[in-house]
Amino acid sequence: MKIDQASIIQLPKMLDQRGNLSFFEGNKHIPFDIRRTYWIYDVPGGEMRGGHSYSKNEEFIVALSGSFDIVLDDGNEKKTFSLNRSYYGIYIPNGIWRHMENFSTNSLAFIAASTDYNESDYVRDYSKYLSNIDAKS
Ligand code: TYD
């Protein structure tokens, strides 16, 4: 997968004096069926999360609160996306190496995933990730 297949997706925003509301639906606002959701919170200052790729799993990540950076790497090119609003997120196709960093205090990362949790879908070794890419090209 190439990095330019990752994209920022703007979500619907229902502006309301009572408080704003945003939402997303699988296969409508994001390009896959949602199979699983998880969230990352209480990240101590300076910590990183991620540091892996998935063979099959696709994800959509929103900063529901606070801010953090998503660093993507397709083995050829690196790109950093800063998430800091709850009305947009980033779609990350499978096959892209990523990590998350620069979490602000009280940040909350919400992730929708296309597959069940499956440890064997992870590629956690960067040199293995690169050699998988070489084998495919
Ligand atoms: P991991 O995906 O390695 O965290 P990150 O990439 O965000 O740093 O997950 C951390 C731990 O949580 C790992 O032991 C697996 C477990 N886990 C589940 O059991 N189910 C899930 O859906 C997720 C995302 C993680």
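Counting starts at 1 for both ligands and their atoms, in listed order.
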statement: Short version for Glu119: what comes under 4.0 Å of ligand 1, heavy atoms counted, is neither

- line: Honestly, for Met100 the part within reach of ligand 1 (heavy atoms, under 4.0 Å) is neither

- prompt: Ion pair present between Asp16 and Arg18, side-chain N to carboxylate O less than 4.0 angstrom?
  reply: yes

query: For atom 17 (N) of ligand 1, is some protein heavy-atom partner under 4.0 Å away?
result: yes

- prompt: Do the side chain of Asp69 and the main chain of Asn102 share a donor and acceptor less than 3.5 angstrom apart?
  reply: no

Shortest protein heavy-atom distance from atom 1 (P) of ligand 1, along with the residue and atom involved: Tyr122 OH, 3.8 Å

task: Could you label the plane-to-plane angle of the Tyr54 and Tyr122 rings as parallel, tilted or perpendicular, counting under 30° as parallel and over 60° as perpendicular?
output: perpendicular

field: OG-CG distance between Ser104 and Leu83, expressed to the nearest 0.5 angstrom
entry: 11.0 Å

message: Angle between ring planes, Trp97 versus Tyr129, binned at 30° and 60°: parallel, tilted or perpendicular?
response: tilted

task: Please identify which atoms of ligand 1 are closer than 4.0 Å to at least one heavy atom of Tyr38.
output: 24 (C)

- prompt: Cluster question for you: counting only ILVMFWY and a side-chain heavy-atom cut-off of under 4.5 Å, with indirect links fine, are Ile40 and Ile92 together?
  reply: yes

- prompt: Quick one: nearest non-hydrogen protein atom to atom 4 (O) of ligand 1, plus distance?
  reply: Arg49 NH2, 3.0 Å

Within-cut-off N or O pair, Tyr54 and ligand 1, under 3.5 Å: no

message: Please list the nearest protein heavy atom to atom 15 (C) of ligand 1 with its residue and the distance rounded to 0.1 Å.
response: Tyr117 OH, 3.2 Å

Which segment of Arg124 sits under 4.0 Å of ligand 1 when only heavy atoms are counted: side chain

- request: Report the nearest protein non-hydrogen atom to atom 8 (O) of ligand 1: residue, atom name, distance rounded to 0.1 Å.
  value: Gly50 N, 2.8 Å

- request: Tell me which one of Arg98, Glu59, Arg36 gets a heavy atom nearest to atom 22 (O) of ligand 1.
  value: Arg36

field: Distance-only N or O hit between ligand 1 and Ile40, under 3.5 Å
entry: no

- request: First locate atom NE2 of His99, then atom CG of Asp73, and finally report the distance between them rounded to the nearest 0.5 Å.
  value: 9.5 Å

- prompt: In this structure, are over 12 heavy atoms from other groups packed under 6.0 Å from Arg35 atom CZ?
  reply: no

- prompt: Can a salt bridge be assigned to the pair Lys2 and Asp74 using a cut-off of 4.0 Å between side-chain N and carboxylate O?
  reply: no

Closest protein heavy atom (residue, atom, distance) for atom 6 (O) of ligand 1: His52 NE2, 2.5 Å

